[in-house]
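Working notes for the structure below.
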Amino acid sequence: MFRSIMGGKYFSSGNEPAENPVTPMLRHLMYKIKSTGPITVAEYMKEVLTNPAKGYYVYRDMLGEKGDFITSPEISQIFGELLGIWFISEWMATGKSTAFQVVELGPGRGTLVGDILRVFTQLGSVLKNCDISVHLVEVSQKLSEIQALTLTEEKVPLERNAGSPVYMKGVTKSGIPISWYRDLHDVPKGYSFYLAHEFFDVLPVHKFQKTPQGWREVFVDIDPQVSDKLRFVLAPSATPAEAFIQHDETRDHVEVCPDAGVIIEELSQRIALTGGAALVADYGHDGTKTDTFRGFCDHKLHDVLIAPGTADLTADVDFSYLRRMAQGKVASLGPIKQHTFLKNMGIDVRLKVLLDKSNEPSVRQQLLQGYDMLMNPKKMGERFNFFALLPHQRLQGGRYQRNARQSKPFASLVAGFSELAWQ
Ligand code: SAH
C-alpha cells in the first residue's frame with residue numbers, strides 16, 4: 001500500500017493557488033495513474049516537462065520577463081561574452097586545434113550561443129583558419145524554432161527532417177554550420193566544447209525519504225479525497241532507483257538524478273577520448289540539500305502538483321554526484337560561485353568597456369542592473385555555480401598532449417576557476 005504524505009517540510013514548495021485547473025497534462029497523468037498506478041517523481045517531471053505532445057518545454061517560450069523565469073544570458077550580454085572567452089582561452093591553452101565543435105545542451109532562446117558566436121567573430125583574427133561548427137541539443141520544437149530565428153542566416157533555408165537524429169540544419173549569421181539534435185548521443189564525436197546552462201536542473205529526479213524500514217521512494221498518486229487533485233505518497237517497499245543513494249548517506253531526504261549521471265558519463269568519455277571541455281552552470285549544492293523540487297510560474301513559486309504543464313519544474317543540481325560520475329575519466333573543477341567565476345573572467349573590465357562605449361542612459365542603466373543581477377550574492381551571484389570537466393592532462397601542468405610539437409609548456413590554470421590570463 002502506498003502511504004500518503006501529509007504536507008510536512010519536504011513537500012511544502014509553492015504557494016497553493018485557490019483553484020486547481022484541470023489541464024490537459026493533469027488529465028493525461030490521472031489517466032496514466034488510474035491505469036498503471038502511482039508514478040515516480042522522475043516520471044512525473046519527465047512527463048510534465050518534455051512529453052512530446054503536451055510537455056511544458058515543448059510548445060512554449062517560457063523564458064524572459066513575460067515568461068515564467070529569466071536566465072543569466074537573457075539578463076546581460078556580458079554573460080555569454082565571458083563564456084565565449086572561456087572557450088577561446090581553453091582552446092588556446094590546449095593547443096589551438098584546427099577545428100572544434102560548440103555543443104550546447106538546452107539552449108533556450110539561443111541567446112547564450114549567439115553571444116558566444118559574436119565573441120568568436122570579434123576575435124576572428126585569433127580563430128582564423130579554425131573550422132567551427134555549432135550543435136544544439138534541444139527537445140523543444142518551439143524553442144528550436146526561436147533558436148533558428150535568433151542564430152541563422154535567413155537567406156540560407158533550413159534543412160528539416162523530423163525523423164532524423166539531426167532534425168534541423170542551417171548556417172549561422174556568421175557563416176558557421178549549425179545542427180539540432182534531441183539527444184547528445186547523436187552529436188558527432190570530435191574535439192568539442194560543451195555547455196550546459198540551466199539544463200541539468202530540469203532533468204528528472206527521484207525523491208527518497210528515510211523511514212524506519214529504510215529508504216522509501218516518493219510517488220505521485222491521485223488524491224482520493226479531492227477530485228482532480230494529485231498528492232505525494234510513499235512506496236510500500238524498496239524501488240530500483242535506491243541504488244543511486246550513497247551507502248553512507250546521512251540526510252533523511254534525498255533527490256537523485258540518474259539522467260544527469262548518464263549525460264556526465266557521456267561527456268566525460270567524449271572529453272577523455274577527443275579533448276575539449278565541458279562547462280556546466282546551474283543552481284545547486286554539493287550533496288548537502290534535501291528537498292529542492294519546486295515549480296515556477298510567472299516568476300513565482302508554484303506548487304509542483306497543481307496545474308501540471310503550466311509551470312516549470314526544477315530541482316537543484318547535486319554537483320557532488322556529477323563529480324563522482326566524472327571521476328576516473330576526466331578531471332573536474334568546481335563548483336564555484338557565479339560571482340567568483342565571472343569576476344575571474346574579467347566581468348568588471350568588460351562592464352567598463354561597454355559603459356564607456358554607451359552614451360544612452362537607458363543602456364547604461366540596463367548594463368548596471370544586469371551586472372547586479374548576475375553578481376550580487378543575494379541574487380544570482382551565490383546561487384549559481386560553475387563546474388567544468390577537462391581532460392586529466394589539462395591540469396597536469398606540463399605540456400599538453402595536443403600541442404606536443406610546441407616548445408612552450410602550458411600553465412595548468414583554468415580561466416574562471418582562477419584569474420583569466422591569455423597565453
Ligand atoms: N540554457 C538556456 C535555457 C534554460 S531552460 C538559458 O539559460 O537561457 C532549459 C532548456 O533545456 C530549454 O531549452 C529546454 O527546452 C531544454 N530541455 C529540457 N529538457 C531537455 C532534454 N531532456 N533534452 C534536451 N533539452 C532539454
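Whatever order the structure lists them in is the order used to number ligands and atoms, beginning at 1. Please read all numbers here as calculations on a predicted model, not as lab measurements.
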**Message:** What protein heavy atom lies closest to atom 26 (C) of ligand 1? Include the residue and the distance to one decimal.
**Reply:** V139 CG2, 3.5 Å
**Message:** When you measure from the centre of the six-membered ring of F244, is the NZ or CZ of R324 closer than 6.0 Å and no more than 45° off the axis?
**Reply:** no
**Request:** Quick one: look at L143 and ligand 1, take heavy-atom pairs under 4.0 Å, and tell me if it's side chain, backbone, both or neither.
**Result:** side chain
**Request:** Flag Y57 as yes when one of its N or O atoms lies below 3.5 Å from any N or O atom of ligand 1, and as no otherwise.
**Result:** no
**Prompt:** Looking at D312, V202, T50, which hits side-chain contact (heavy atoms from CB on, under 4.5 Å) with Y56?
**Reply:** D312
**Item:** Aromatic centroids of F79 and H197 separated by under 6.0 Å
**Value:** yes
**Request:** Consider every N or O of S140 and every N or O of ligand 1, then say whether any pair is closer than 3.5 Å.
**Result:** no
**Prompt:** Just which atoms of ligand 1 are under 4.0 Å from any heavy atom in H197?
**Reply:** 1 (N), 2 (C), 4 (C), 6 (C), 7 (O)
**Asked** Looking only at heavy atoms of L112, does any of them come nearer than 4.0 Å to an atom of ligand 1?
**Response** no
**Atoms of ligand 1, numbered as shown, that sit under 4.0 Å from any heavy atom of T71** = 6 (C), 7 (O), 8 (O)
**Request:** Measure from the ring center of F199 to the ring center of Y194 and say whether it is less than 6.0 Å.
**Result:** no
**Request:** Verify side chain to side chain donor-acceptor pair (under 3.5 Å) between E217 and H206, making sure each step is shown before the conclusion.
**Result:** CA-CA 7 Å; E217 184 160 3; H206 290 265; 2.5 Å; yes
**Asked** Does ligand 1 have an atom that lies less than 4.0 angstrom from a heavy atom of L49?
**Response** no
**V202: numbered ligand 1 atoms lying under 4.0 Å from its heavy atoms** = 18 (C), 19 (N)
**Prompt:** So which bit of S72 gets within less than 4.0 Å of ligand 1, heavy atoms only: side chain, backbone, both or neither?
**Reply:** neither
**Request:** List every atom of ligand 1 that sits less than 4.0 Å from any heavy atom of G108, numbering the atoms from 1 in the order shown and giving each element.
**Result:** 2 (C), 3 (C), 13 (O)
**Request:** Compute the centroid of each ring, for F387 and then for F319, and state whether the two points are separated by less than 6.0 Å.
**Result:** yes
**Request:** Determine whether the aromatic ring centres of Y283 and F384 lie less than 6.0 Å apart.
**Result:** yes
**Message:** For ligand 1, which is the ligand I care about here, please tell me if E138 has any N or O atom under 3.5 Å from one of the ligand's N or O atoms.
**Reply:** yes
**Asked** What protein heavy atom sits nearest atom 9 (C) of ligand 1, and how far off is it?
**Response** E198 O, 3.5 Å
**Asked** So, is F199 polar-close to ligand 1, with some N/O to N/O distance under 3.5 Å?
**Response** no
**Item:** I222 vs K229 side-chain heavy atoms within contact, under 4.5 Å
**Value:** no
**Asked** Quick check: does L63 get an N/O under 3.5 Å from an N/O on ligand 1?
**Response** no
**Item:** Heavy atom of the protein closest to atom 2 (C) of ligand 1 (residue, atom name, distance)
**Value:** G106 O, 3.4 Å
**Request:** Please lay out, stage by stage, how F193 and Y191 fare under the test ring-ring contact (aromatic ring centres under 6.0 Å, His included).
**Result:** CA-CA 7 Å; F193 293 110; Y191 187 70; 5.5 Å; yes
**Request:** Please confirm whether F417 and F341 have ring centers closer than 6.0 angstrom.
**Result:** yes
**Item:** Approximate separation, where rounding is to 0.5 Å, of M373 CE and Q366 CD
**Value:** 12.5 Å
**Message:** Quick check on contacts: which atoms of ligand 1 are under 4.0 angstrom from a heavy atom of T50?
**Reply:** 19 (N)
